[in-house]
Amino acid sequence: MADETRSDEISDRLDKARPGLAEIDGGEELQKRRGNPKGSYTWTLYGTYADAILLVNARKDLAWCLDKLDAIRAVLGEEPDHCPEHPDDDPVTCGWKRDNLTIRHILNDTKEN
């Protein structure tokens, strides 16, 4: 798909994978007996190729998503809370305040009041 965006690629991986596809084999004592470094674990993957692709790309995909959120926050941080053209008591409104607050609530994972 030529027009596929990075978001589309990530969504596609999520759609193809399924939850509950891996488990950690044993605890830290077992890993020590196996000679694995402290804090490392062996995983068993129960799934499809699509599940493995999701896991392999997860770190990179999450970093990309967080970078996009940070970019949106940076731009939003430079914008005024209120519409620069229409004060609160102006009968004409462009939706600036509502849209700005909605985006801030989404980014901050808070509810609109």
Side-chain angles (χ1 to χ4, degrees):
M1 183 185 310
D3 294 331
E4 187 173 77
T5 65
R6 180 70 187 272
S7 294
D8 293 331
E9 292 171 13
I10 295 169
S11 292
D12 188 49
R13 280 194 280 276
L14 285 171
D15 289 343
K16 289 179 180 174
R18 56 195 172 83
L21 52 100
E23 67 181 38
I24 296 174
D25 294 332
E28 196 168 319
E29 282 301 314
L30 176 61
Q31 300 312 314
K32 203 182 322 182
R33 285 195 306 270
R34 289 181 175 170
N36 294 332
K38 183 178 174 128
S40 68
Y41 291 91
T42 306
W43 294 76
T44 298
L45 178 66
Y46 302 101
T48 65
Y49 180 73
D51 298 330
I53 294 299
L54 176 72
L55 291 174
V56 166
N57 287 286
R59 185 178 187 89
K60 182 175 53 173
D61 289 347
L62 287 171
W64 180 84
C65 291
L66 292 173
D67 285 347
K68 292 296 179 186
L69 289 173
D70 288 344
I72 293 168
R73 283 188 183 100
V75 169
L76 192 60
E78 296 172 8
E79 296 294 331
D81 285 339
H82 302 283
C83 173
E85 299 295 321
H86 305 286
D88 283 343
D89 59 353
D90 194 328
V92 176
T93 180
C94 63
W96 177 277
K97 182 177 179 181
R98 180 197 66 234
D99 293 346
N100 194 320
L101 287 174
T102 299
I103 293 168
R104 289 173 193 258
H105 287 302
I106 291 169
L107 289 173
N108 296 325
D109 198 26
T110 57
K111 291 183 178 179
E112 278 188 69
N113 295 326

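For the numbers below, each heavy atom of this structure counts, side chains included, while hydrogens, waters and symmetry mates do not.
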Worksheet entry | Residues Asp8 and Thr5: side-chain donor-acceptor under 3.5 angstrom |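 Their side chains do contain a donor-acceptor pair, which is all the 3.5 Å distance test asks for.
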
How many angstroms lie between atom [atom1] of [X] and atom [atom2] of [Y], to the nearest 0.5 angstrom?
X: Ile72; Y: Asp67; atom1: CD1; atom2: CG; answer: 11.0 Å
X: Tyr49; Y: Leu54; atom1: OH; atom2: CG; answer: 12.5 Å
X: Glu78; Y: Leu76; atom1: CD; atom2: CG; answer: 9.5 Å

Discussion item. Is there a path of hydrophobic side-chain contacts, each under 4.5 Å between heavy atoms of I/L/V/M/F/W/Y residues, joining Leu66 to Leu107?
Written reply: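 Yes: a chain of side-chain contacts under 4.5 Å links Leu107 to Leu66.
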
Item to complete: Using the rule that two of Ile, Leu, Val, Met, Phe, Trp, Tyr join whenever any of their side-chain heavy atoms come within less than 4.5 Å, decide whether Ile53 and Ile10 are in one cluster.
Response: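 Hydrophobic grouping puts Ile53 apart from Ile10.
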
Item to complete: Taking all heavy atoms of Ala50 and all of Ala17, pick out the closest pair and write down the distance.
Response: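 Scanning both residues, the minimum pair turns out to be O-CB, 4.3 Å.
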
Fill in: Residue pairs, two or more places apart or on separate chains, that pass side chain to side chain donor-acceptor pair (under 3.5 Å) and touch residues 53-62
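Pairs touching residues 53-62 that pass the test: Arg6-Asp61, Arg13-Asp61, Asn57-Lys60.
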
Discussion item. Test of understanding: with salt bridge (charged side-chain N to carboxylate O under 4.0 Å, His left out), list the residues that count as partners of Asp12, not counting sequence neighbours.
Written reply: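 With sequence neighbours excluded, Asp12 shows a salt bridge (charged side-chain N to carboxylate O under 4.0 Å, His left out) to Lys16, given in chain and number order.
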
